[in-house]
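Note that the structure is predicted; figures quoted are calculated from it, not measured.
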Amino acid sequence: MADWRDPRREEAAPLLVLLLPRPLESFILRDQAEDLLRAHGVVALEPPRVPYGAMARLPEGLADALAMRQARRLKLPGRPAAVVIAHPLQYPLARALLGHHPDGELWYWRWDRYEAAYDAGPKLRERLEVLHQRALERSAFTFAVSDALADVDRAGGHDVVVVGSAHDSFPAPDPAATVVAVSLGHLGRRTDWALLRALSQQMPELVLLLVGEWHEDESGSDPDFQACRAAPNIVWLGRRPDEEAARLMLLADAGILPFERSAFNDTGLPQRILKAARLGRRTVCPPLAGPRTWQRAVVFAATPEEWTAALRSQAGVRTRPDLELREWALAQTARAVNQPLWERMAELGIDVRVIHTPRTR
């Protein structure tokens, strides 16, 4: 049998190859990846045995050599017409893979501002910035989840298409007959604990249900965090499965996005906004740029006083959910938001006939 890596094998079917930064079931954009994987011409590659994060700690030359070795070992049912990366740490492997197929394209999927990540130290941020710029220069098709994130790269002269985020797998029970309160999300260094402390103190009628893991290692020394841990009207529920989280959201008048204002937070598109909207609820959040992508689903507030007014304006929504907002949110499917990708695949001659079982390698 001819080797798929042989560029002379002209009969090899063109493929879209998704390099997954995590296993598919834990990939943050899983719904959209699974939508693309319904096509015959799309395959996904799980992370290699040597994780991308570990490769980032190696000297650049050694990391590149390891990426080339990984690329040589890959077996695919066709030739890569396009290779998709979702993190700059994947660029060395994508580059090595495309080295065997110089006619293939690199696609760059931007769903966060990785180069400003909270969990990256100065050296890693420098490495991420270099790889990010190399990926941008090589990319034939760059797409970002928010207008604000796209604008960051457009400012550098790059063409970026906005392809939002979809959450088809998040449950959306009928909210019409439901009562009471919830909020979803990360509870750590990204959170504005001073804001939540002020809200808990100046809104005695507020019952804030926090669904998500809280991180003592990130915020434990913060006195505002400790005050929130002790506040009687803030209920800490920990991580809950989506089925439970959706029903808790059915009890809420509004979602809440208590992020501090920072470069990292400013351009993202938090998933909780669409999740709340699928249940007919708006999300109150600070004036960040990224959430303006879904501005019909948010209420912006800058000061604790504005937050208080915004939350009070949503009182009672739990018994009269916004069904037009819910209809809009339910229309933000993976198939709908992935349309620019499907069109590009068709242009490349990739088989876009739908299959029922996603393929990964």
Side-chain angles (χ1 to χ4, degrees), residues 3-21 24 27 29 32-48 52 64 67-68 70-112 114 130-145 149-150 152-154 156-164 334-335 337-353 358-361:
D3 191 332
W4 69 268
R5 294 170 300 207
D6 186 348
R8 294 171 296 179
R9 189 187 172 196
E10 298 179 357
E11 71 277 10
L15 298 174
L16 180 74
V17 181
L18 296 175
L19 296 185
L20 298 177
L24 182 61
F27 182 33
L29 300 174
Q32 285 161 268
E34 288 182 339
D35 170 61
L36 296 174
L37 286 166
R38 294 185 303 131
H40 281 279
V42 180
V43 296
L45 300 180
E46 301 278 0
Y52 293 112
D64 288 344
M68 293 179 66
Q70 291 171 339
R72 285 196 298 268
R73 291 182 172 182
L74 292 177
K75 301 293 185 181
L76 294 173
R79 61 175 179 82
V83 176
V84 187
I85 62 172
H87 196 284
L89 292 179
Q90 297 177 293
Y91 177 68
L93 178 57
R95 179 177 57 191
L97 181 57
L98 289 170
H100 296 288
H101 298 274
D103 293 335
E105 293 184 351
L106 176 70
W107 291 9
Y108 191 9
W109 199 344
R110 287 272 275 163
W111 54 271
D112 251 336
Y114 327 102
V130 170
L131 292 173
H132 167 61
Q133 292 300 327
R134 289 175 181 173
L136 278 177
E137 293 298 329
R138 176 73 180 266
S139 177
F141 187 33
T142 302
F143 43 103
V145 299
L149 186 56
V152 170
D153 296 328
R154 287 169 179 163
H158 302 282
D159 292 329
V160 184
V161 175
V162 176
V163 174
R335 185 63 182 88
V337 300
N338 273 350
Q339 186 59 32
L341 282 65
W342 283 90
E343 292 174 356
R344 190 61 177 262
M345 284 193 295
E347 292 174 2
L348 293 174
I350 293 172
D351 186 348
V352 295
R353 290 176 298 167
R359 293 184 292 172
T360 63
R361 292 292 188 273

Return yes if some donor-acceptor pair links the side-chain N/O of [X] with the main-chain N/O of [Y] below 3.5 Å, else return no.
| X | Y | result |
| --- | --- | --- |
| Q90 | P47 | no |
| W109 | V84 | no |
| R110 | A150 | no |

**Report entry** Ring geometry between Y114 and H87 (parallel below 30°, tilted from 30 to 60°, perpendicular above 60°)
**Finding:** tilted

Could you tell me whether the side chain of [Y] reaches within less than 4.5 Å of the side chain of [X], counting heavy atoms only?
| X | Y | answer |
| --- | --- | --- |
| L45 | L76 | yes |
| L89 | P21 | no |
| L131 | P92 | yes |
| V17 | P80 | yes |
| R344 | L16 | no |

Query raised in the report: What's the verdict on side chain to side chain contact (heavy atoms under 4.5 Å, CB included) for L19 and Y52, showing C-alpha distance, side-chain angles and the deciding distance?
Result: CA-CA 11 Å; L19 296 185; Y52 293 112; 4.2 Å; yes

Compare every heavy atom of [Y] with every heavy atom of [X], then report the nearest pair and how far apart it is.
| X | Y | result |
| --- | --- | --- |
| P77 | V43 | CG-CG1, 4.1 Å |
| A86 | W111 | O-NE1, 3.0 Å |
| L20 | A44 | CD1-CB, 3.8 Å |
| A33 | L24 | CB-CD1, 3.9 Å |
| L93 | A67 | CD1-O, 3.6 Å |

Query raised in the report: What residues, two or more places apart in sequence or in another chain, satisfy salt bridge (charged side-chain N to carboxylate O under 4.0 Å, His left out) together with R134?
Result: E60

Query raised in the report: Who passes salt bridge (charged side-chain N to carboxylate O under 4.0 Å, His left out) against D159, sequence neighbours left out?
Result: none

Residues that [X] engages under side chain to side chain donor-acceptor pair (under 3.5 Å), provided they are two or more places apart:
| X | value |
| --- | --- |
| E343 | Q339 |
| Y91 | none |
| D112 | none |
| W107 | E105 |

Would you give the length of the straight line joining atom [atom1] of [X] to atom [atom2] of [Y], rounded to the nearest 0.5 angstrom?
| X | Y | atom1 | atom2 | value |
| --- | --- | --- | --- | --- |
| I85 | T142 | CD1 | OG1 | 8.5 Å |
| R38 | D35 | CZ | CG | 4.5 Å |
| E34 | L29 | CD | CG | 11.5 Å |
| D103 | R79 | CG | CZ | 7.5 Å |

Query raised in the report: Between V145 and V337, does a side chain to side chain contact (heavy atoms under 4.5 Å, CB included) hold up when you go through it step by step?
Result: CA-CA 10 Å; V145 299; V337 300; over 6 Å; no

Return the set of residues passing side-chain contact (heavy atoms from CB on, under 4.5 Å) with [X] (not counting sequence neighbours), or none when no residue passes.
| X | answer |
| --- | --- |
| L98 | V83, L106, R138 |
| V161 | F141, F143, V163, P340 |
| A39 | V42, W342 |
| E137 | H158 |

**Report entry** Derivation and outcome, side chain to side chain contact (heavy atoms under 4.5 Å, CB included), residues M345 and L36
**Finding:** CA-CA 10 Å; M345 284 193 295; L36 296 174; 3.9 Å; yes

